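What follows is a set of notes on a single structure, which appears directly below.
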Amino acid sequence: MKILNLAVTGAALVMLAACAPSTAPTATGGDEKSGTLRVWLFDEPNRAPKEKVVKEAIAEFTAANAGTSVEVTYIPTTPARHERFKGAFNDPASAPDVAEYGNTDLAEYAAAGGFADLGPDLANWSERGDISADLFQSATVDGKLYGVPWFIGIRSLYYRTDVFKELKLDPPKSIADLTKAARTIREKKPDLYGIAVGGEYTFGALPFVWDAGGDIEKLNSPESRKGVQAYTDLLSDDVCPPQACASLTGGKTVELFASGKAAMGILGNFNRSAVDAGAAAGKYEVMPLPGAEPGSVAPAFAGGNNLGVMKSSKHRSLAVKFLQLLSGKSYQLKMYEAMGNLPTLSTAREELAAKDPFLKPFLDTVAAGTKFVPIDPAWVKIDNQKVIPTMLQKIATKQSSVEEATEEAATAVNAAFGRS
């Protein structure tokens, strides 16, 4: 399968959480030491490699835990999947013990009371310290840990080495460098976009906001406005024309870069196969997206999926053991080889980077610090209402000034949080 399908699950499916149940589970679970452990994992267009790794984990787990078996159900990443979670939260008899979920779904699932707080269970887990605090934020709500980050999707800057060489351009060291290079490319090669950016590419824009010291919850602050301005400066005729780019999603910017129609793009490690299948194959390199300060790295959104234990599980200890096994180093490495999933364990990433230099820019980006969306049900409203894309598009098409559009967006964000 193309790893895009899985790696963006957390970000792309956030809308599915909008109607997450508000009814808390009626059972508190138990701790039976034998029996059948039920596991839900996401289905894939090409599931065979993932299934092979999971079967290896099951064999190891059942060999070490007498009297146990593991039953895996691969659930669709569609609204049908959401309905199954809704049913599981409200009917423990149909619920799994362990489940994979998109990290941007967590706020709604935690509010529904569906997942167990694993803080005490994982306190002495030998591999816990190998996952950064930044990444654990994607599994934490109100100080409670609702799972383990299983893999991450990180975006960095892809750029065409042939174009840069021809025009005698150096890889950008700052946002100003990037903007200048993009304008030069567009001027010298009008058949190319200087950089593919999109008015509907929230996770392409947020690094600019975060780098400037801004925040989703304060889009009308001077810092946020500076970041919004830096991003929307790229949505211009001399870089990426608004008439074509204002409606672009992240997926469309991948297509533009891969097809050779853009000299740069903010793409994920999970987009590698798509780029290598297009006209840009063999003619690009990747580097961390630079920040405003020369030599700095703009914070990236840490997308990805987590593994959690249902609060209603009757096999609490066994469920935690299986979660630890599947999210441990050995199986994170195997899942990378099988599916291209970037490990959350730092030692696993370092081991892979030593074998595959392609990963280094993404690992450098993680090391520089990542960010996440608000762990609050309000984020679902903000995302569903396209608050950030609307803001970007109004600025790009000159319907509103930066000040007007960010003020309107901030009002919508406050409304989503129930603030006056």
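Since we're looking at a predicted model, the values are computed, not measured.
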>> Show every salt bridge (charged side-chain N to carboxylate O under 4.0 Å, His left out) that has at least one partner inside residues 246-267, sequence neighbours left out.
In response: Lys252-Glu255
>> Using a 6.0 Å cut-off, check whether atom CD of Glu293 has over 12 heavy atoms from anything other than its own residue.
In response: no
> Is the ring centre of Phe372 less than 6.0 Å from the ring centre of Phe301?
Replying inline: yes
>> If the threshold is 4.0 Å, N to carboxylate O, is there a salt bridge linking Lys50 and Asp43?
In response: no
> Given the rule in the side-chain contact (heavy atoms from CB on, under 4.5 Å) test, do Tyr146 and Thr140 qualify, once you have shown the distances and angles that lead to the verdict?
Replying inline: CA-CA 6 Å; Tyr146 291 105; Thr140 304; over 6 Å; no
>> Could you report the tightest heavy-atom contact between Ser312 and Ala95, atom names first, then the distance?
In response: OG-CB, 3.6 Å
>> If you define the side chain from C-beta out and look only at heavy atoms, does anything of Ser330 sit under 4.5 Å from Lys334?
In response: yes
> Less than 6.0 Å separating the ring centroids of Tyr231 and Phe208?
Replying inline: yes
> Taking all atoms of both residues into account, what is the closest heavy-atom pair of Leu323 and Leu307, and its distance?
Replying inline: CD1-O, 3.2 Å
> Hey, is the main chain of Pro361 close enough, under 3.5 Å, to the side chain of Thr365 for a donor-acceptor pair?
Replying inline: yes
>> When you measure from the side chain of Asp383 to the backbone of Val380, do you find a donor-acceptor pair of N or O atoms at a distance under 3.5 Å?
In response: no
>> In the structure I gave you, are the side-chain heavy atoms of Tyr193 and Cys245 within less than 4.5 Å of one another anywhere?
In response: yes
> What pairs of residues pass the side chain to side chain donor-acceptor pair (under 3.5 Å) test when at least one of them lies in residues 201-220, not counting sequence neighbours?
Replying inline: Arg155-Tyr201, Glu217-Arg419, Asn220-Glu407
> Is the charged tip of Arg84 near the ring of Phe89: under 6.0 Å from the six-membered ring centre and within 45° of its axis?
Replying inline: no
>> Can you confirm whether Ser346 sits close enough to Arg349 that some side-chain heavy atom of one is under 4.5 Å from a side-chain heavy atom of the other?
In response: yes
> Where do Leu248 and Val197 come nearest, in terms of heavy atoms and distance?
Replying inline: CD1-O, 3.5 Å
> So, His315 side chain and Gly30 main chain: donor-acceptor pair closer than 3.5 Å or not?
Replying inline: no
> If you look at every heavy atom in Asp31 and Ser317, which pair is closest and at what distance?
Replying inline: OD1-N, 2.7 Å
>> Assess the residue pair Ser138 and Asn306 against the criterion (side-chain contact (heavy atoms from CB on, under 4.5 Å)); give the C-alpha distance rounded to whole Å, side-chain angles, the decisive distance to 0.1 Å, and a yes or no.
In response: CA-CA 8 Å; Ser138 72; Asn306 301 338; 3.8 Å; yes
> Under the side-chain contact (heavy atoms from CB on, under 4.5 Å) criterion, do Asp170 and Phe164 qualify, and how do the steps go?
Replying inline: CA-CA 7 Å; Asp170 293 323; Phe164 273 67; over 6 Å; no
>> As a test of understanding, state which of Asp276, Asp162, Thr161 forms a side chain to side chain donor-acceptor pair (under 3.5 Å) with Tyr284.
In response: Asp276
> Would you find a donor on one side and an acceptor on the other, under 3.5 Å apart, between the side chain of Asp130 and the backbone of Thr347?
Replying inline: yes
> Does the side chain of Leu178 come within less than 4.5 Å of Ile195's, by heavy atoms?
Replying inline: yes
>> Please report the interatomic distance CD1(Ile388) to NZ(Lys386), rounded to the nearest 0.5 Å.
In response: 13.0 Å
>> So Val373 and Ile382, do their side chains get closer than 4.5 Å, heavy atoms only?
In response: no
>> Are the side chains of Trp150 and Val148 in contact, using a 4.5 Å heavy-atom criterion?
In response: no
>> Nearest 0.5 Å, please: how far is OG1 in Thr179 from CG in Leu234?
In response: 4.5 Å
> Given the rule in the salt bridge (charged side-chain N to carboxylate O under 4.0 Å, His left out) test, do Lys314 and Glu32 qualify, once you have shown the distances and angles that lead to the verdict?
Replying inline: CA-CA 6 Å; Lys314 296 185 181 300; Glu32 298 173 11; 5.7 Å; no
>> Would Ser69 and Thr36 count as a side chain to side chain donor-acceptor pair (under 3.5 Å) here? Give the steps.
In response: CA-CA 5 Å; Ser69 62; Thr36 300; 2.9 Å; yes
>> For Trp379 and Ile216: C-alpha separation, side-chain torsions, deciding distance, then whether side-chain contact (heavy atoms from CB on, under 4.5 Å) applies.
In response: CA-CA 9 Å; Trp379 169 249; Ile216 293 170; 4.0 Å; yes
> Salt bridge or not for Arg225 and Glu403, using N-O below 4.0 Å?
Replying inline: no
> Are the side chain of Thr344 and the backbone N or O of Pro149 linked by a donor-acceptor pair below 3.5 Å?
Replying inline: yes
> Between Arg160 and Glu285, is there a salt bridge with N-O shorter than 4.0 Å?
Replying inline: no
>> Donor-acceptor check, side chain of Glu127 to backbone of Leu345, threshold 3.5 angstrom: yes or no?
In response: no
> Under 3.5 Å, side chain of Tyr331 to main-chain N/O of Glu56, donor-acceptor pair present?
Replying inline: yes
> Do Tyr101 and Trp40 have ring centres separated by under 6.0 Å?
Replying inline: no
>> Check this for me: Asn124, atom CG, are more than 12 non-hydrogen atoms of other residues, nucleotides or ligands nearer than 6.0 Å?
In response: no
> Would you say Glu223's side chain and Ala212's backbone share a donor-acceptor pair under 3.5 angstrom?
Replying inline: no
> Do the side chain of Ser224 and the main chain of Ser221 share a donor and acceptor less than 3.5 angstrom apart?
Replying inline: no
> Would you say Asn103 and Asn305 make side-chain contact, with heavy atoms under 4.5 Å?
Replying inline: no
>> Using only atom types and a distance under 3.5 Å, with no angle test, would you say the side chain of Tyr158 pairs donor to acceptor with the backbone of Gly268?
In response: yes
> What pair of heavy atoms forms the shortest contact from Asn269 to Gly340, and how long is it?
Replying inline: ND2-O, 4.1 Å
>> Looking at Asp142 and Lys144, is any side-chain nitrogen of the basic one under 4.0 Å from a carboxylate oxygen of the acidic one?
In response: no
> Can you check whether Ile131 reaches Trp125 side chain to side chain, under 4.5 Å on heavy atoms?
Replying inline: yes
> Ala353 and Leu359: which non-hydrogen atoms are nearest, and at how many Å?
Replying inline: N-CD1, 4.2 Å
> Salt bridge or not for Arg38 and Glu71, using N-O below 4.0 Å?
Replying inline: no
> Could you state the interatomic distance from CG (Leu289) to OG (Ser296), rounded to the nearest 0.5 Å?
Replying inline: 9.0 Å
>> Using the ring centroid of each side chain, check whether Phe42 and Tyr74 are separated by less than 6.0 Å.
In response: no
> Is it the case that more than 12 heavy atoms not belonging to Lys283 sit under 6.0 Å from its NZ atom?
Replying inline: yes
> Nearest 0.5 Å, what's the CZ-NZ distance between Arg316 and Lys311?
Replying inline: 9.5 Å
